[in-house]
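Report on the following structure.
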Amino acid sequence: MDIHRESGFPEVFRAEDEVLCELYTQMLKVVRHKLWHKNDAGDVVQEAWVRILEKQSTLRHKEKLIPWAKAIAANLASNANRVRRHERIDDHQELELVGIGSVIEPESMMELSDLLGQLDPVTRTLLLYKFYYGLKDAEIAAALQLPVGTVKARIHRGKARLKTQVNSGDRHT
């Protein structure tokens with residue numbers, strides 16, 4: 001039973017409704033194909049609709065609406081995958097440090113303290129804020145009045161420096 005057929009809507013509305021349904025179906029197929037987390041498909045398609053409405057003036061050829069919309073949806077799905085990948089990596093690294101801290105022995109704590117003591121004060125502070133206090137990068141940036149990108153880069157370099165110190169210490173023992 002089709003509501004549009006019984007409601008007396010003009011034929012134009014039925015045609016637009018069919019185009020919108022086809023557009024939604026095509027975007028959903030593309031997004032489901034590209035996404036790693038299929039549960040995010042609805043959110044990505046919804047975001048694609050918003051982008052389409054915001055950028056509709058950039059569509060030059062109306063007959064290319066569906067390929068254009070599919071491209072937008074595919075790009076947003078790729079963005080969602082990228083965000084998920086970074087979240088997963090950050091979560092994994094934080095869990096590793098939390099897991100290590102809960103079963104760490106006093107000797108290891110002293111060794112870790114010595115390693116942190118060898119770092120410059122800013123790097124040491126950044127690493128402690130991030131992994132001991134659990135602050136987010138944006139919170140650290142606000143506290144230290146630094147750009148978020150600088151905070152992320154320094155944390156990354158600080159972790160690499162710690163890893164190098166640990167690896168070089170392991171070789172000497």
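No hydrogens, no waters, no symmetry mates; every other heavy atom, side chains included, goes into these values. In this chain, numbering begins with 1 at the start of the sequence shown. Remember, predicted model here, so these are calculated numbers, not experimental data.
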Using the test side-chain hydrogen bond (donor to acceptor under 3.5 Å, both in side chains), find all partners of E22 that sit at least two apart in sequence or belong to another chain. Q26
Nearest 0.5 Å, what's the CG-CD1 distance between L128 and I140? 10.0 Å
Closest heavy-atom contact between L35 and A77? CD2-O, 3.6 Å
Results of side-chain hydrogen bond (donor to acceptor under 3.5 Å, both in side chains) for T125 - residues two or more places apart only: none
Can you list the residues that meet the side-chain contact (heavy atoms from CB on, under 4.5 Å) rule with R161, with sequence neighbours excluded? L119, D120, T123, R157, Q165
Apply side-chain hydrogen bond (donor to acceptor under 3.5 Å, both in side chains) to D114 and list each qualifying residue two or more places apart in sequence or on a separate chain. none
Can you sort out the partners of L65 under side-chain contact (heavy atoms from CB on, under 4.5 Å), two or more places apart, ordered by chain and number? V19, L23, L59, W68
Not counting sequence neighbours, which residues clear side-chain contact (heavy atoms from CB on, under 4.5 Å) with N79? List them please. L76, R82
Pairs of donor and acceptor atoms involving the side chains of residues 39-51, under 3.5 Å and at least two apart or interchain, shall be tabulated with distances.
unit_1 : atom_1 : unit_2 : atom_2 : d
D40    : OD1    : R84    : NH2    : 3.1
D40    : OD2    : R84    : NE     : 3.1
D40    : OD2    : R84    : NH2    : 3.0

Please give me the minimum heavy-atom distance between L126 and R154, naming the atom from each residue. CD1-CB, 3.3 Å
Do Y24 and V30 belong to the same hydrophobic cluster, where Ile, Leu, Val, Met, Phe, Trp and Tyr are linked whenever their side-chain heavy atoms lie under 4.5 Å apart, directly or via other members? no
What pairs of residues pass the salt bridge (charged side-chain N to carboxylate O under 4.0 Å, His left out) test when at least one of them lies in residues 52-77, not counting sequence neighbours? none
Passes side-chain contact (heavy atoms from CB on, under 4.5 Å), L144 versus T150? Steps please. CA-CA 11 Å; L144 299 178; T150 301; over 6 Å; no
Decide whether F131 and V148 are clustered together by the hydrophobic rule: side chain heavy atoms of Ile, Leu, Val, Met, Phe, Trp, Tyr closer than 4.5 Å, transitively. no
Specify the closest pair of heavy atoms between I155 and L127, including all atoms of both residues, with the distance to one decimal. O-CD2, 3.9 Å
Heavy-atom count around R124 CZ within 6.0 Å, excluding the residue itself: above 12? yes
Hits for side-chain contact (heavy atoms from CB on, under 4.5 Å) against T25, two or more places apart or cross-chain, chain-then-number order -> K29
Check whether any side-chain heavy atom of V151 lies under 4.5 Å from a side-chain heavy atom of Y129, and answer yes or no. no
